[in-house]
Amino acid sequence: MEYNFKQIEQKWQRKWRDEGTYKVDVDPARPKFYVLDMFPYPSGAGLHVGHPLGYIASDIYSRYKRQMGFNVLHPMGYDAFGLPAEQYAIQTGQHPAVTTERNIARYREQLDKIGFSFDWSREVRTSDPEYYRWTQWAFVEMFDHYYDNRTNRAEPISKLVAHFDEHGSEGIDAAQTTELSFTAAEWAAMDEAAREQVLQNYRLAFRADTQVNWCPALGTVLANDEVKEGLSVRGGYPVEQKRMKQWLLRVTAYAQRMLDGLETLEWSDSLKEIQRNWIGRSVGAQMFFDVDGSDRKLEIFTTRPDTIYGVTFMVIAPEHEWVSELTTDENREAVEQYIDEAKHRSERERIAETRRVSGVATGSYAINPFSGRRIPIYISDYVLAGYGTGAIMAVPAHDSRDYAFARHFSLEITPVVEGGDIEKESYDAKSGKLINSDILNGMDVKQAIAFMFEEIERRGIGKRLVNYRLRDAIFSRQRYWGEPFPVYYKQGVPHTLPLDKLPLTLPAIDNFGPTAEGEPPLARVAGWQTAEGYPYELSTMPGFAGSSAYYLRYMDPHNDKELVSRRADEYWRNVDLYVGGIEHATGHLMYSRFWNMFLYDLGYVCESEPFRKLVNQGMIQGRTNFVYRVVGTNKFVSLGLKEGYHTQEIRVDVNIVKNDVLDLDAFRAWRPEFADAEFILEEGRYICGWAIEKMSKSMFNVVNPDYIVDTYGADTLRMYEMFLGPLEQSKPWDTNGIDGVHKFLRRLWSKFYSREDKLLLNDEEPTRAELKTLHKTIKKVREDIENFSFNTSVAAFMICLNELGDCSKRKILEPLTALIAPFAPHIAEEMWHLLGHDTTVCDAPFPDYDEQYLVESSFEYPVMVNGKLRFKQEYPLTATDEDIRSTIVSAEALQRWLDGKQPKKIIVVRGKIINIVV
RNA sequence: GCGGAUAUGGUGUAAUUGGUAGCCACGUCAGACUUAGGAUCUGAUGCCGAGAGGCGUGGGGGUUCGAGUCCCUUUAUCCGCACCA
């Protein structure tokens with residue numbers, strides 16, 4: 001009987017669905033294992049072959065763990081809110097809910113064909129009100145909490161209010177937007193709006209007037225991770241800086257914990273490094289400089305307090321709040337002009353002109369608190385308003401940016417650390433002896449920094465301080481297709497809806513663009529207000545809101561009382577294995593950790609880190625095929641012959657090319673203009689050229705998994721995607737090797753049935769050689785799965801089959817079936833039943849190996865007997881005395897042995913002594 | 001500029017973790033069976049050389065009895081961050 005993958009796969013997929021084979025429940029009697037994929041955004045283009053790569057890997061691991069006796073949670077859902085659906089709606093007028101629903105149905109159909117072991121009864125969709133009520137709920141909780149740096153956790157805002165009632169701001173150490181100072185009496189005198197203003201300074205979800213990334217083309221603000229090189233990640237539109245009142249999440253409160261938490265995670269070093277850089281911790285000193293002729297004190301942050309005697313000027317950002325105050329009348333015009341220019345430079349220009357030096361003097365002077373010198377204060381856009389205090393002390397001798405600035409404006413450059421040549425460039429290295437530095441002279445840099453930290457605090461002019469590059473996350477988007485904020489405004493003061501009023505559902509609209517006044521789409525909704533007539537917030541939440549806690553919801557997806565029950569949470573705890581793309585390194589994977597830590601502080605979840613182990617699968621690139629048209633004709637010349645012609649390169653649909661050979665008839669049928677195409681063939685075939693490009697519709701290189709599944713079957717697709725190379729590595733999709741994998745499955749099948757349809761399975765005893773092959777394969781596959789080295793397991797299966805020859809023995813095929821089940825579940829299931837089982841193969845125990853079958857020839861120390869070299873040995877299974885005697889010893893090695901030195905180690909490879917280590 | 005990763009046949013890759021480099025596939029070549037083959041099966045296939053043999057893991061150097069693997073240096077490609085004080 002032929003290997004009829006279509007019949008086998010349909011049969012078992014239906015059965016798995018009908019019988020709920022992959023449904024799981026809390027089972028305290030069994031150990032749990034949680035395997036999660038990053039859920040997809042259901043785009044209109046459907047699933048391409050790149051999507052399943054990670055899903056297949058995680059499915060293999062899930063099935064393996066299940067066969068190892070674990071209760072495996074392996075859910076799937078959809079990240080259904082998002083910009084593309086809304087953009088599509090603006091263009092076509094189709095409601096995003098409709099198109100999203102349609103796309104989801106398509107995704108589901110495609111996913112089902114691949115034979116994943118998802119528990120679909122736990123599916124979540126972020127756009128479902130029953131789901132997003134918990135997103136809104138978390139937001140309300142964040143609004144109601146602040147971060148206490150003393151207890152190092154989120155605390156109820158009521159605790160803060162109680163403190164204000166009693167002591168004012170005195171004694172508060174909390175994560176905050178700006179430093180506030182007021183007494184209990186002042187607090188008592190504030191009205192509601194003023195009090196709320198103060199509380200917004202502390203809330204974990206808060207509103208603030210900040211510098212934001214504004215994307216005019218998309219009509220919305222974006223978070224830092226949604227902007228790359230001054231362009232929006234989605235769409236690639238220019239992004240500009242703008243001051244706007246926005247909702248934010250105070251993720252910076254958790255910066256240190258997110259940094260520390262990385263140590264406990266099994267993530268790749270490169271990913272941890274990306275997060276560390278993103279958080280950007282730096283230890284330095286806060287210092288106050290007196291401003292000459294003013295009682296203002298200019299606050300700066302520096303990591304090099306040791307260079308204080310080398311400070312020859314100061315610089316503040318153009319957006320610094322004291323710009324106008326520090327500017328003297330004679331400089332005012334120049335300063336205003338400079339500020340105006342800076343404002344109109346886009347982020348992109350600013351990045352492109354990174355090395356351009358620009359700035360202007362304020363006319364004011366500061367006093368160096370150590371040397372007492374009077375130094376000028378400048379304004380320049382190389383100082384960022386968003387980092388530190390937006391003001392720096394400039395040390396041109398030891399900072400390349402300050403150096404460039406000083407050179408440009410001919411400012412004094414005083415070296416204070418030995419080692420460089422300041423005529424040529426600044427000396428930035430943190431090593432050397434201090435000079436020209438009064439009390440610091442003779443110390444080395446590290447010593448001087450430590451000394452200065454103490455000295456600054458002792459003199460009361462500042463303190464040691466840790467700064468982070470991480471910014472609070474902008475949380476509102478001026479869009480329609482997202483979670484509405486459970487917020488309404490009373491006389492402009494924001495209030496959150498009570499929890500029992502959630503979810504606040506997204507109203508239906510039919511025009512998805514911004515209003516004429518530039519308001520978000522929700523402004524179009526008449527009556528978008530509370531029953532009492534208070535208006536709701538008009539913006540919606542960003543994409544990362546819904547994906548920040550979805551892994552928790554999977555644990556208990558139908559619970560209408562809470563996000564996740566204690567019982568479910570304490571059983572499933574956190575994700576043991578998370579598989580997904582590296583592109584979420586600074587977005588989703590940061591926000592989720594923040595969100596989870598917050599819920600952990602509040603006692604809703606029992607683990608502070610959501611994803612214990614993380615594997616990043618590589619991206620699958622497209623492999624574009626080209627044909628070569630002879631210019632001015634409808635003749636196409638094969639790749640190898642094109643040199644003789646003047647040709648034009650045309651992209652051709654990769655689905656009508658096989659192994660770079662063009663299907664001529666399909667090509668003629670592809671486009672009307674090619675209907676009468678003629679070909680110049682080489683050896684009777686048309687060979688296409690190729691290139692690696694991003695997989696996209698416009699390049700005609702999108703390969704759809706459906707086509708592969710229809711042609712070769714799901715098991716072939718699964719094994720082939722794994723066979724392609726290491727999981728973490730990006731690689732081009734290329735079907736050139738798929739026949740090899742398919743052939744393997746057919747040969748596996750032929751162990752059961754001959755071509756004449758005879759059942760070959762028999763009960764003969766296996767030979768030692770066959771057992772050795774089997775156990776070797778089991779060992780290899782077990783180790784490979786644990787290491788996510790699936791490509792080498794596929795190779796191991798092929799070797800196994802080659803070595804087994806025509807063996808159709810039950811005692812070999814039965815463990816082999818259980819072994820291959822995670823990779824090729826359909827054929828394994830069919831084989832399992834042919835072997836006479838009526839259970840499902842995913843519950844078949846994963847086979848173990850026995851070392852006794854694996855022993856290779858192993859020689860230990862040689863001993864001298866009657867002047868001859870003899871081996872004290874463990875005999876190999878098949879070795880005879882003849883084998884031992886014929887062991888070849890190199891002359892040199894033997895000589896060394898005969899010199900009488902005691903060898904440490906004898907190197908024997910395949911029965912041959914290569915060397916003796918003395 | 002800083003940080004991280006990668007580099008092995010015509011191609012994708014593998015290497016017991018310092019021990020015969022190239023497993024397993026693709027491709028190619030030869031053969032068998034076929035009316036036919038883009039089916040199936042068998043064999044060969046790193047490079048140079050008729051052969052003996054020599055050379056081979058981006059380049060150069062080092063450690064070691066022994067290096068794809070460790071160290072130094074250099075080149076190329078990819079990724080992340082990028083005026084972060």
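Residue numbering restarts at 1 for every chain, and letters A, B, ... go by the order of the sequence lines.
- When the C1' atom of B:G80 is taken as reference, atom NZ of A:Lys272 falls 17 Å away, rounded to whole Å.
- In this structure, B:C81 and B:G1 make a Watson-Crick or G-U wobble pair, each of the two defining distances being under 3.5 angstrom.
- Here A:Arg469 reaches the OP1 or OP2 of B:A82: one of its side-chain N or O atoms lies under 4.0 Å away.
- Picking from B:A14, B:C26, B:C24 the nucleotide with the shortest atom distance to the side chain of A:Asn802 gives B:C24.
- A:Tyr720 pairs in a ring-ring contact (aromatic ring centres under 6.0 Å, His included) with only one of the listed residues (A:Phe790, A:Phe744, A:Trp733), which is A:Trp733.
- In terms of position on RNA chain B, the residue among A:Gly388 and A:Asp269 whose nearest nucleotide sits closer to the 5' end is A:Asp269.
- Comparing B:C41 with B:C26, their P atoms sit 10 Å apart, to the nearest whole Å.
- Comparing B:C71 with B:U77, their P atoms sit 24 Å apart, to the nearest whole Å.
- Glycosidic conformation at B:U8 (O4'-C1'-N9-C4 for purines, O4'-C1'-N1-C2 for pyrimidines): anti, more than 90° from 0.
- Distances shown here put every side-chain N or O of A:Arg746 at or beyond 4.0 Å from the OP1 or OP2 atom of B:A39.
- Across all strands shown, B:A36 has no partner, as no Watson-Crick or G-U wobble contact with both distances under 3.5 Å is found.
- Base orientation of B:G9: syn, the glycosidic angle falling within 90° of 0.
- Per the geometry, CD1 belonging to A:Ile449 stands 12 Å off P belonging to B:A85, to the nearest Å.
- Across all strands shown, A:Ile274 has heavy atoms under 4.0 Å from sugar-phosphate atoms exclusively, and none from any base.
- Looking at A:Gln275, its side chain does come within 3.5 Å of a backbone N or O of A:Ala585 through a donor-acceptor pair.
- The CD atom of A:Glu273 sits 18 Å away from the P atom of B:C79 (whole-angstrom rounding).
- Comparing atom distances between the A:Arg747 side chain and each of B:A15, B:C41, B:C83 picks out B:C41 as nearest.
- The distance from atom CG of A:Asn787 to atom P of B:U17 is 13 Å, rounded to the nearest whole Å.
- Checking the phosphate oxygens (OP1, OP2) of B:U16, no side-chain nitrogen or oxygen of A:Lys779 falls inside 4.0 Å.
- Minimum atom distance to the side chain of A:Asn791 is reached by B:A14, of the listed B:A85, B:C41, B:A14.
- Taking atom C1' in both B:U28 and B:G38, the straight-line distance is 15 Å, to the nearest Å.
- Of all nucleotides present, only B:A76 satisfies the Watson-Crick or G-U wobble test against B:U6, with each distance under 3.5 Å.
- With both ends at atom P, the span from B:G54 to B:C2 equals 45 Å, rounded to whole Å.
- Pair check for B:G31 finds B:C41; Watson-Crick or G-U wobble, both atom distances under 3.5 Å.
- Checked by atom type, the side-chain pair A:Ser358/A:Tyr338 shows a donor-acceptor distance below 3.5 Å.
- For the residue pair A:Asp399 / A:Ser426, no side-chain donor-acceptor distance below 3.5 Å is found, with atom types taken as modelled.
- What separates CD of A:Glu425 from P of B:G1 is a distance of 12 Å, to the nearest Å.
- The same atom, P, is picked in B:U69 and in B:A25; the two are 28 Å apart, to the nearest Å.
- Across all non-hydrogen atoms, the minimal contact from A:Leu727 to A:Phe788 is CB-O, 4.2 Å.
- Remark: B:C24 base-pairs with B:G12; criterion is Watson-Crick or G-U wobble with both hydrogen-bond distances under 3.5 Å.
- Side chain to side chain, A:Tyr387 and A:Ser282 meet the donor-acceptor criterion of an N or O pair below 3.5 Å.
- When the side-chain nitrogen and oxygen atoms of A:Ser270 are compared with OP1 and OP2 of B:C79, none of them lie within a distance under 4.0 Å.
- One atom, NE2 of A:His408, and another, P of B:C83, lie 19 Å apart when rounded to the nearest Å.
- As rounded to whole Å, 17 Å separates atom P of B:C81 from atom OH of A:Tyr387.
- Base pairing analysis places B:C70 opposite B:G62; the two distances defining the Watson-Crick or G-U wobble pair are each below 3.5 Å.
- Residue A:Trp278 has its side chain nearest to B:C81 when only B:G80, B:C81, B:U40 are considered.
- Two rings, from A:Tyr686 and A:Phe667, have their centers 6.0 Å or more apart.
- Of the nucleotides present, B:C48 is the one that pairs with B:G53 by Watson-Crick or G-U wobble criteria, both distances under 3.5 Å.
- Across the P atoms, B:A67 and B:G61 are found 14 Å apart, a figure rounded to whole Å.
- Taking the nucleotide of RNA chain B with the nearest heavy atom to each of A:Gly390 and A:Met798, the more 5' of the two is matched to A:Met798.
- Nucleotides B:G27 and B:G12, compared at atom C1', are 11 Å apart to the nearest Å.
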List, with names and distances, any nitrogen or oxygen atoms from the protein found under 3.5 Å away from nitrogen or oxygen atoms belonging to nucleotides 10-12 of chain B.
| from | atom 1 | to | atom 2 | distance (Å) |
| --- | --- | --- | --- | --- |
| B:G12 | O2' | A:Leu724 | O | 2.6 |

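- Minimum heavy-atom separation, A:Ala473 to A:Tyr591: CB-CE2, 3.5 Å.
- Nearest heavy-atom pair across A:Arg304 and A:Val417 is NH2-CG2, 4.1 Å.
- Across the P atoms, B:U35 and B:G22 are found 41 Å apart, a figure rounded to whole Å.
- A donor-acceptor contact closer than 3.5 angstrom links the side chains of A:Arg747 and A:Asn802.
- When rounded to the nearest whole Å, the span between CG of A:Asn616 and P of B:G80 equals 13 Å.
- Proximity note for A:Ser282 (side chain, C-beta onward) versus B:A85, B:C41, B:C83: the nearest is B:A85.
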